[in-house]
Amino acid sequence: MKYQRPRGTNDLTPDRSPLWRRLRHVYEEVVTQFGYAEVDPPIFEATELFARAVGEDTDVVSKEMYSFTDRKGRSLSLRPEGTAGVVRMVIENGLLGGGGILRLAYWGPMFRYDRPQAGRYRQFHQFGVEALGEGGPALDAELIELLVATLRAAGLGELRVDLGSVGDRCCRPAYVERLREALTGMDDRLCPTCRERRVTNPLRVFDCKETGCHEALKHAPRMLDHLCDDCRAHLERVEALLADQAIPFRRDRDMVRGLDYYTRTVFEVHDPGLGAQSALGGGGRYDHLVEDCGGPPTPAVGFSAGIERLLGVVEQEGALAASERRSYGAYLSLMTPAAEPHAARIAARLRRAIPVEVDFTGRSLKAQLKTANQRGVRFAIILGPDEIDARSATLKDLDSGVQKTLPESDLLELIQAWLASEPPAPRAAPGR
RNA sequence: GUGGGAGUAGCUCAGCUGGUAGAGUGCAUGGUUGUGGUCCAUGUGGUCGCGGGUUCGAGCCCCGUCUCCCACCCCA
């Protein structure tokens, strides 16, 4: 094979696109029901935006970005996550002036140079929401509820919500100091990178890849145990609201998310049946990001969810199984090229009501009907020399095998009559 | 970034101790003069991922490389 797709990318092939479209539809429905408006920032932005928003020291920024310089020497990067772009858009377009909560949703491709694995790709897709302008815990709970609602609407049953808090500007500095002290005590057991992190960004030691560091950190102090009163109250309020909505969750003291901008609430949703890459979505509060990016002080919360992973679970569990087949469509079989004008005229008329596919191949009628059957359409329309002469068409119901030749002007009427009455037997093959 | 498994027909896979590449499915044609799904017959199908090496001879052994899968880790 001469060309293959770049490592870690996927082709959305026709057999999977119907399911993809149904997920997209579920996302649109739920997001609309919760009052979120869709936005779509570009898939590349100034590298600096991501470095600033996500954090220079994070894995994502330091080694997973697809960065390039354009023809004028500017450094740009394919977006590794969605929040930074949305925040930039909000500030640049002055969307915060409206009062009330600004509720936004997005869906699109993200890029991270990572080692591919089941459920982990270099180009992957996320949908997510961002809610700006309100700092109270009720909004955090709403987002978790929205995420869970979407996953349930996609047909998932068992879900696990992990909840934590990374503190705020009141309690985090004190905790970081405490952590730094603890790290100093175990200096000899840390890798060189972590020894450096101890000075620059102690929180990042928690996502070190070295097994030795992992062991050493088992008993390091956790943010969750050192929250200030406000942060603790916030977390407990979120938990109470979730309990009230009958959303099962558990506290996760080890949760440290890979992006620097989070404050207070952080959460992830997992599917227990998924294996190593079990996180379907995650997010949290980011009360200072808008300000840090040059906007007015604005508290906010957001999350994103991985569509490929969701698709995997949906396929695996057979949820959303009913296929999107064009059971009401028609397949036009031409027995001679002379029927082409006739076919075009009929197709144009029928397409106002039903999907129509025309077979121009000149193959045998037998072969064309076989294809019609595979397409899963209800009707075949046969156009041969007799039909051309009489300006008629032969309509065949592929479910019952019944067929009738009639003037082309009466075709649509008969199709609609046949559609109104259920076919005698259930359809044999589901087609695609 | 680390470790393990795999790559053979469009698809799913078999291929012994190194000795002339197989099955199922799909596709095509026929059994049917202009009629699908089931069945039968016949046919079509290959850079054995790519590059190098060992050998009289490599799908099989060795080295390199690419890709996929699984796990660690991280996350979506």
Side-chain angles (χ1 to χ4, degrees), chain A residues 1-10 13 15 58-60 62-64 80-83 108-128 147 151 162 191 193 204 206-211 213-214 254-259 266 268-271 274-283 303-313 331 333-336 339 359 361 363-387 394-403 405 425-431:
Chain A
M1 192 148 343
K2 191 154 186 185
Y3 298 110
Q4 34 184 247
R5 61 180 186 269
R7 179 161 205 204
T9 61
N10 281 298
T13 46
D15 53 318
T58 59
D59 280 9
V60 168
S62 63
K63 44 195 175 193
E64 295 176 2
E81 57 96 56
T83 302
M110 306 290 163
F111 306 83
R112 288 184 203 172
Y113 190 91
D114 221 0
R115 178 133 174 192
Q117 195 185 323
R120 189 167 77 190
Y121 308 100
R122 289 181 173 178
Q123 177 180 338
F124 59 102
H125 294 74
Q126 289 184 332
F127 71 86
L147 176 54
L151 299 178
D162 291 343
C191 70
T193 321
R204 287 266 83 86
F206 285 111
D207 45 49
C208 180
K209 303 195 185 322
E210 299 291 327
T211 327
C213 296
H214 239 251
D254 293 323
M255 182 153 50
V256 178
R257 298 198 41 88
L259 312 177
V266 290
E268 288 180 1
V269 177
H270 293 261
D271 181 292
L274 208 54
Q277 308 299 323
S278 68
L280 288 171
F303 76 74
S304 64
I307 294 157
E308 283 83 356
R309 282 184 195 175
L310 180 54
L311 192 73
V313 186
Y331 193 88
S333 298
L334 278 58
M335 296 178 62
T336 155
D359 191 324
T361 61
R363 297 134 81 214
S364 68
L365 181 58
K366 182 189 175 82
Q368 294 190 47
L369 287 175
K370 188 175 177 179
T371 302
N373 192 56
Q374 286 171 339
R375 291 288 194 267
V377 297
R378 171 84 179 270
F379 302 108
I381 293 169
I382 300 163
L383 302 177
D386 299 346
E387 285 85 355
T394 297
L395 177 67
K396 176 163 184 152
D397 183 338
L398 293 172
D399 283 327
S400 62
V402 172
Q403 69 179 54
T405 302
R427 310 222 349 106

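Naming: A, B, ... by sequence-line order, numbering from 1 per chain. From a predicted model like this one, the values you see are computed outputs, not experimental measurements.
Proximity note for A:Lys396 (side chain, C-beta onward) versus B:rC73, B:rU35, B:rC27: the nearest is B:rU35. Among the nucleotides B:rC74, B:rU35, B:rC75, the one closest to any side-chain atom of A:Asp59 is B:rC74. Set against B:rU29, B:rA71, B:rU35, the side chain of A:Ala367 has B:rU29 as its closest nucleotide. The side chain of A:Ala279 has B:rA76 as its nearest neighbour among B:rA76, B:rG4, B:rC68. Nearest nucleotide to the side chain of A:Gln374, out of B:rC27, B:rG36, B:rC75: B:rC27. Comparing B:rG1, B:rU35, B:rC75 against the side chain of A:Leu365 picks out B:rU35 as the nearest. Listed candidates were B:rG36, B:rA76, B:rG1. Nearest to the side chain of A:Arg115 is B:rG1. Each of B:rA76, B:rG3, B:rG36 was ranked by its minimum atom distance to the side chain of A:Arg120; first place goes to B:rA76.
If you take atom C1' in B:rG15 and the same atom in B:rG46, they sit 14 Å apart, rounded to whole Å. Distance check on atom P: B:rG7 versus B:rC61 gives 10 Å, rounded to whole Å. Atom name P, nucleotides B:rU8 and B:rA14: the rounded distance is 10 Å, in whole Å. Comparing the P positions of B:rG57 and B:rU20 gives an interatomic distance of 15 Å, to the nearest angstrom. Annotation: B:rG3 and B:rG49 have their P atoms spaced 24 Å apart (nearest Å). Taking the C1' atoms as reference points, B:rC70 lies 29 Å from B:rA58, given to the whole Å. Comparing B:rU25 with B:rA71, their C1' atoms sit 33 Å apart, to the nearest whole Å. Rounded to the nearest Å, the gap between the P atom of B:rG34 and that of B:rC39 is 25 Å.
A:Arg363 has a side-chain polar atom (N or O) that falls below the 4.0 Å cut-off from OP1 or OP2 of B:rA28. Neither OP1 nor OP2 of B:rU35 sits under 4.0 Å from any side-chain N or O of A:Lys366. An OP1 or OP2 oxygen of B:rA71 is reached within less than 4.0 angstrom by a side-chain nitrogen or oxygen of A:Gln117.
In this entry the distance linking CG of A:Asp15 with C1' of B:rG26 reads 15 Å, nearest Å. Distance CZ (A:Phe111) to C1' (B:rA76): 14 Å, rounded to an integer number of Å. To the nearest angstrom, P of B:rU35 lies 14 Å from CG of A:Leu398. Rounded to a whole Å, the CG atom of A:Leu383 is 14 Å from the C1' atom of B:rU35. For the pair A:Ile381 CD1 and B:rU35 P, the interatomic distance rounds to 18 Å; values are reported in whole Å. Between the CG atom of A:Asp399 and the P atom of B:rG37 there is a distance of 15 Å, given to the nearest Å. Here the P atom of nucleotide B:rG34 and the OH atom of A:Tyr331 are 18 Å apart, to the nearest Å. Going from atom NZ of A:Lys370 over to atom P of B:rC39 covers 11 Å, rounded to whole Å.
The two residues A:Gln123 and A:Glu308 come nearest to each other via the heavy atoms O-OE2, 4.3 Å. Minimum heavy-atom separation, A:Pro80 to A:Val60: CB-CG1, 3.5 Å. Contact between A:Pro116 and A:Gly8 at its shortest, heavy atoms only, is CG-CA, 3.9 Å. Of all non-hydrogen atoms in A:Phe379 and A:Leu398, the two that sit nearest each other are C-CD1, 4.1 Å. Considering every non-hydrogen atom in both A:Gln126 and A:Glu81, the closest pair reads OE1-CA, 4.4 Å.
A donor atom on one side chain and an acceptor atom on the other are found under 3.5 Å apart for A:Tyr331 and A:Asp359.
With a cut-off of 3.5 Å on both Watson-Crick or G-U wobble distances, the partner of B:rC72 is given as B:rG1. In a base pair of the Watson-Crick type (N1 to N3 plus N6-O4 or O6-N4) or a G-U wobble (N1-O2 and O6-N3), with each distance short of 3.5 Å, B:rG36 is matched with no nucleotide. Of all nucleotides present, none satisfies the Watson-Crick or G-U wobble test against B:rA9 with each distance under 3.5 Å. Within the shown strands, nothing qualifies as a pairing partner of B:rU55 under the Watson-Crick or G-U definition with both distances less than 3.5 Å. The partner of B:rA41 is B:rU29, by the rule that a Watson-Crick or G-U pair needs both atom distances under 3.5 Å. Across all strands shown, B:rC60 forms no Watson-Crick or G-U wobble pair with both key distances under 3.5 Å.
In this structure, A:Thr9 and A:Tyr121 both approach RNA chain B, and ranking their closest nucleotides by distance from the 5' end singles out A:Thr9. Closest-nucleotide positions on RNA chain B for A:Ala118 and A:His125 were compared, and the one nearer the 5' end corresponds to A:Ala118.
Residue contacts shown for A:Gln368 are absent, as no nucleic acid heavy atom lies under 4.0 Å away. At a threshold of 4.0 angstrom between heavy atoms, the contacts of A:Ile382 include nucleobase atoms, whether or not backbone atoms are also involved. As judged by a 4.0 angstrom heavy-atom cut-off over every strand, A:Gly128 is placed among residues making no nucleic acid contact. Within 4.0 Å (heavy atoms only), A:Ala372 reaches no atom of the nucleic acid at all. If you check every strand for non-hydrogen atoms under 4.0 Å, A:Gln123 touches nothing.
A donor and an acceptor atom sit less than 3.5 Å apart, one in the side chain of A:Asn373 and one in the base of B:rG36.
With A:Arg112 contributing its side chain and A:Glu64 its backbone, the two residues share no donor-acceptor pair below 3.5 Å. Judged purely by atom type and a 3.5 angstrom limit, A:Gln368 uses its side chain to pair as donor or acceptor with the backbone of A:Arg363. Formation of a donor-acceptor pair under 3.5 Å by the A:Thr9 side chain with backbone atoms of A:Arg5 is not found in this model.
Among residues two or more places apart in sequence or in another chain, the salt bridge (Lys or Arg N to Asp or Glu O under 4.0 Å) test is passed with A:Asp162 by A:Arg160, A:Arg250.
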Dump the pairs, protein N or O against N or O of nucleotides 64-67 of chain B, anything under 3.5 Å, distances to one decimal.
unit_1 : atom_1 : unit_2 : atom_2 : d
B:rC66 : O2'    : A:Gln4 : OE1    : 3.4
B:rU67 : O4'    : A:Gln4 : OE1    : 3.3

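For the pair A:Asp114 and A:Arg122, the salt-bridge criterion is not met [side-chain N within less than 4.0 Å of a carboxylate O].
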